[in-house]
Amino acid sequence: MFYRYAMIVKNLRGVVAFDPSDPIAMNKINWLTKRFRYRNIGVPPSLLEAGKDYFKDKINGKPFRLLYYPIKVLERLSEKLGKFLGSKILGEALVFSSTYISPLLLLSPKHLSILEKHAIETIYVCKELDNKDWKLHLRIADYTILDMYEYSISRAARILESLRQRNLPNRENVLNEAKTKCATDVKRYWRIKCDSGKKFMVYIDCLFLYLESHAYEDSSLLDPDVAAGLAIIPTVNLTIER
């Protein structure tokens with residue numbers, strides 16, 4: 001399915017994750033579709049299946065696009081992360097966010113509750129954000145993942161090589177390295193960030209989740225191409241009241 005990946009990746013502005021049975025999410029997604037009328041939002045296959053009634057006439061780039069695995073091993077990775085997190089939708093969404101170099105957009109509080117436990121950095125807001133604020137900072141989130149991507153994937157490739165040599169890395173060192181990188185990135189959000197308040201964004205390190213879940217014990221997930229799914233993901237909380 002590589003040609004489909006290539007067709008979608010350049011115009012994608014985010015990967016969405018939500019529970020189709022959640023009324024809060026369904027209210028938020030209507031707002032989201034208006035903001036991205038001329039850009040594409042990626043939908044993981046498990047989310048399409050769960051929300052097929054909602055997506056039946058909305059999946060052809062208006063603004064939603066069904067996402068495809070460019071290589072099979074990434075599907076196996078998303079299964080492992082999904083089991084670890086207890087959510088197939090989140091496992092897929094994280095891997096697709098990394099593979100398509102796009103921020104993850106959360107629309108259900110329950111998904112935020114899962115991911116915030118694994119956050120390596122958090123951006124808080126203490127004021128109400130207007131549409132201008134959202135538009136700007138969703139674009140900044142796009143720059144966050146893009147600008148950190150080479151670092152993220154090179155780091156993941158290095159750890160995978162170490163694992164193939166049967167050298168298990170120190171997880172604390174891996175985590176601290178990512179925290180240091182994200183502590184610098186948060187400065188992009190100076191216009192809105194506060195010391196406390198509502199969570200606007202959490203940074204999720206897919207590489208650390210990979211290590212925590214022991215996914216590397218599956219020999220197929222030591223493939224060098226797995227690195228494409230192990231980036232640091234800016235995860236935007238769209239459940240904040242507007």
Side-chain angles (χ1 to χ4, degrees), residues 1-22 24-26 28-30 32-33 36 39-115 118 138 141-142 145 149 201-202 204-207 209-210 213 215 221 225-239:
M1 294 295 184
F2 185 77
Y3 75 94
R4 288 181 173 171
Y5 166 82
M7 178 178 67
I8 295 170
V9 63
K10 186 172 177 60
N11 200 38
L12 201 67
R13 291 297 177 266
V15 175
V16 72
F18 65 93
D19 178 356
S21 66
D22 178 2
I24 293 176
M26 300 316 294
K28 302 301 181 184
I29 202 165
N30 291 332
L32 184 65
T33 55
F36 286 91
R39 291 292 185 269
N40 292 336
I41 298 295
V43 178
S46 56
L47 177 55
L48 178 63
E49 176 61 27
K52 54 189 174 183
D53 290 340
Y54 174 78
F55 286 115
K56 62 183 178 182
D57 58 350
K58 300 181 178 68
I59 202 63
N60 295 313
K62 300 180 180 180
F64 300 109
R65 287 279 189 178
L66 177 62
L67 299 179
Y68 301 90
Y69 291 101
I71 50 176
K72 189 69 176 177
V73 71
L74 293 176
E75 185 171 5
R76 181 66 178 156
L77 175 63
S78 74
E79 290 171 0
K80 286 286 187 179
L81 296 188
K83 286 181 181 178
F84 178 69
L85 295 169
S87 169
K88 184 176 182 179
I89 288 174
L90 280 182
E92 279 200 326
L94 285 167
V95 171
F96 278 127
S97 287
S98 179
T99 307
Y100 284 81
I101 321 177
S102 294
L104 176 55
L105 309 177
L106 291 183
L107 292 157
S108 290
K110 76 173 190 179
H111 287 154
L112 177 65
S113 296
I114 293 170
L115 289 186
H118 303 281
L138 285 171
D142 204 24
I145 190 168
Y149 197 71
M201 194 170 87
V202 294
I204 303 297
D205 184 3
C206 289
L207 176 60
L209 292 182
Y210 170 89
S213 66
L221 293 179
D225 286 336
V226 168
L230 298 178
I232 297 171
I233 308 299
T235 303
V236 182
N237 174 25
L238 289 169
T239 72

> Will you find, in the side chains of Y69 and S78, an N or O donor that is under 3.5 Å from an N or O acceptor?
yes
> Would a distance-only check, ignoring hydrogens and angles, find a side-chain to backbone donor-acceptor pair under 3.5 Å from S108 to D19?
yes
> Looking at CD1 of I24 and CG of L238, how far apart are the two atoms once the value is rounded to the nearest 0.5 Å?
13.0 Å
> For A17 versus L47, what's the shortest heavy-atom pair and its separation?
CA-CD2, 4.3 Å
> Would you say L105 and V15 make side-chain contact, with heavy atoms under 4.5 Å?
no
> To the nearest 0.5 Å, tell me how far S102 OG sits from R13 CZ.
8.0 Å
> Could you measure the distance from the NE2 atom of H118 to the CG atom of L85? Nearest 0.5 Å is fine.
5.0 Å
> Which heavy atom in L74 sits nearest to a heavy atom in G229, and how many Å separate them?
CD2-N, 3.9 Å
> Hey, does V236 have a side-chain heavy atom less than 4.5 Å from the side chain of L104?
no
> As an exercise, state the distance from OG1 of T99 to CD of E92, rounded to the nearest 0.5 Å.
10.5 Å
> With side chains defined as the heavy atoms from C-beta onward, is the minimum distance between T33 and F64 less than 4.5 Å?
yes
> Which label fits F55 and F18: parallel for a plane angle under 30°, tilted from 30 to 60°, or perpendicular past 60°?
tilted
> Please identify which of these residues, Y100, Y68, F96, meets the ring-ring contact (aromatic ring centres under 6.0 Å, His included) condition with Y5.
Y100
> Supply the atom-to-atom distance K80 NZ to L221 CG, rounded to the nearest 0.5 angstrom.
6.5 Å
> Do the charged groups of K110 and D22 touch, with an N to O distance under 4.0 Å?
no
> Would you name the heavy atoms of L48 and V43 that are closest together and state the gap between them?
N-CG1, 3.8 Å
> Of all the heavy-atom pairs spanning L66 and P45, show the shortest one and how long it is.
CD1-CA, 3.8 Å
> Kindly give the heavy-atom pair with the smallest separation between K28 and T239, and that separation in Å.
CE-O, 3.8 Å
> The test is side-chain contact (heavy atoms from CB on, under 4.5 Å); show your working for H111 and I89 and say whether it passes.
CA-CA 9 Å; H111 287 154; I89 288 174; 4.2 Å; yes
> Which heavy atom of L106 sits nearest to which heavy atom of L90, and what is that distance?
CD2-CD2, 3.9 Å
> May I ask you to test the L32-V16 pair for a side-chain heavy-atom distance under 4.5 Å?
yes
> Distance from M201 atom CE to I233 atom CD1, nearest 0.5 Å?
11.0 Å
> For the side chain of Y149 and the backbone of S98, is there at least one donor-acceptor N/O pair under 3.5 Å apart?
yes
> Heavy-atom distance under 4.5 Å between the side chains of P70 and F2, does that happen here?
yes
> Does any non-hydrogen side-chain atom of V95 lie less than 4.5 Å from one of P44?
no
> Does any non-hydrogen side-chain atom of I204 lie less than 4.5 Å from one of L209?
yes
> So, do L230 and V226 sit near enough that their side-chain heavy atoms are less than 4.5 Å apart?
yes
